[in-house]
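Everything on this sheet refers to the single structure shown next.
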Amino acid sequence: PDIHLGQLALRVGNPLPTSQAFFALLHGLMAGKVAVAAGDWPETLRYYEPILNLPYFPPEVLPDFYTYGVYLDAGRAYNGQGRFQQALACWQKAAHLEPRKGEIHHLLGLAYSALGQETPAVQAYLQAIELQVDDPGVYYNLGLSLVRLNRLPEAVAAFEACVARKPDADAYVNLGVLYTNAGQRE
């Protein structure tokens, strides 16, 4: 059946949450957002893990943008705790819901890189760039992954793109090292 929250249609399957469970879910969603804003990752997960472990798929009872936010922020919390595999799993679910958002592809790149999977990290960063993410951090992280893959000319281009968007001391240092190793001085 379809349930409407204001103008938003909610897709609901079985089992249906009780009213009490639904409002507890909304409370967890709001309290989790407060914890995210405070950067309190254990508190974020205290509220979001029950949502992630519901007996029904969250998009069945919440609009996609809320569910996307839960996966996005739970991934941040897991990442902040060094739980990169869980962060990756959350961010993959978020990317499934909102594949055209560049931010999620940047985050996927970070998770892949943290897990030592540089080739998929590069692919994720390039996807973020293709989706018009102009964040210099994407180019910086792309450069780091390319260095780890020994794709040095591409790494130089990524770091140059980074500093063209925002001068960054670390990016300049990396560029200097790459230029020196390539025999360039300028």
Exercise for review: Would you sort out whether Tyr68 and Asp64 count as a side-chain contact (heavy atoms from CB on, under 4.5 Å), showing the intermediate values?
Suggested key: CA-CA 6 Å; Tyr68 171 81; Asp64 284 351; 5.8 Å; no

Exercise for review: State the CD-OH distance between Gln123 and Tyr112, to the nearest 0.5 angstrom.
Suggested key: 8.5 Å

**Study point:** Interatomic distance, Cys90 atom SG to Leu45 atom CG [nearest 0.5 angstrom]
**Key:** 8.0 Å

Check your understanding: For the residue pair Ile104 and Glu98, what are the closest heavy atoms and their distance?
Key -> CG2-O, 3.9 Å

Practice item. With side-chain contact (heavy atoms from CB on, under 4.5 Å) as the test, would you mind laying out the steps for Tyr78 and Glu49 before giving the verdict? Key: CA-CA 10 Å; Tyr78 285 128; Glu49 282 184 331; 2.6 Å; yes

**Study point:** Working for side-chain contact (heavy atoms from CB on, under 4.5 Å), residues Leu175 and Glu160
**Key:** CA-CA 7 Å; Leu175 268 174; Glu160 287 174 343; 3.7 Å; yes

Check your understanding: Going through the checks in order, is the side-chain contact (heavy atoms from CB on, under 4.5 Å) test met by Asn141 and Val138?
Key -> CA-CA 5 Å; Asn141 292 319; Val138 177; over 6 Å; no

Exercise for review: Mind listing the closest non-hydrogen atom pair of Pro136 and Lys166 along with its distance?
Suggested key: CG-CB, 3.7 Å

Practice item. Could you tell me the separation between the CZ atom of Phe159 and the OH atom of Tyr140, rounded to the nearest 0.5 Å? Key: 6.0 Å

Check your understanding: How long is the gap from OH on Tyr47 to CG on Asp40, to the nearest 0.5 Å?
Key -> 9.5 Å

Exercise for review: Specify the closest pair of heavy atoms between Gly109 and Ala124, including all atoms of both residues, with the distance to one decimal.
Suggested key: N-CB, 3.5 Å

Review point. Does the Trp91 side chain pair with the main chain of Leu72, one donor and one acceptor, at a distance under 3.5 Å?
Key: yes

Check your understanding: Shared ILVMFWY cluster between Leu149 and Ile129, side chains joined below 4.5 angstrom?
Key -> yes

Practice item. Answer yes when Glu103 and Arg76 have at least one side-chain N-carboxylate O distance shorter than 4.0 Å, and no when they do not. Key: yes

Point to revise | Donor-acceptor contact present, side-chain Asn79 to main-chain Gly75, <3.5 Å | key: no

Check your understanding: Which heavy atom in Val36 sits nearest to a heavy atom in Asp73, and how many Å separate them?
Key -> CG2-CB, 3.5 Å

Point to revise | Single-linkage hydrophobic cluster Phe65~Tyr71, side-chain heavy atoms < 4.5 angstrom | key: yes

Check your understanding: Are Lys33 and Glu43 close enough for a salt bridge, meaning some N to O gap below 4.0 Å?
Key -> no

Practice item. Verify the cluster assignment for Val163 and Leu152: are they in a single hydrophobic cluster under the rule of side-chain heavy atoms below 4.5 Å apart? Key: yes

Exercise for review: Would you indicate whether the side-chain heavy atoms of Leu131 and Lys101 approach each other to under 4.5 Å?
Suggested key: no

Review point. What's the shortest heavy-atom distance between Ala121 and Ser145, and which atoms?
Key: CB-OG, 3.8 Å

Review point. Checking Arg151 side chain against Val147 main chain: does a donor-acceptor pair fall under 3.5 Å?
Key: no

**Study point:** Minimum-distance pair of heavy atoms, taken over all atoms of Thr44 and Gly32
**Key:** OG1-O, 4.2 Å

Exercise for review: Using a 4.5 Å cut-off on heavy atoms from C-beta on, say whether the side chain of Ser113 contacts that of Arg148.
Suggested key: yes

Practice item. Any chance you could measure Tyr125, atom OH, to His106, atom NE2, to the nearest 0.5 Å? Key: 5.5 Å

Revision key, fill the gap. Distance col, row Glu154:CD vs Leu126:CG, nearest 0.5 angstrom, shows 8.5 Å

Review point. Can you get from Leu26 to Val34 by hopping between Ile, Leu, Val, Met, Phe, Trp and Tyr side chains that sit under 4.5 Å apart?
Key: no

Review point. Are Tyr172 and Val156 joined in one hydrophobic group, where the rule is that I, L, V, M, F, W and Y side chains link up if heavy atoms are under 4.5 Å apart?
Key: yes

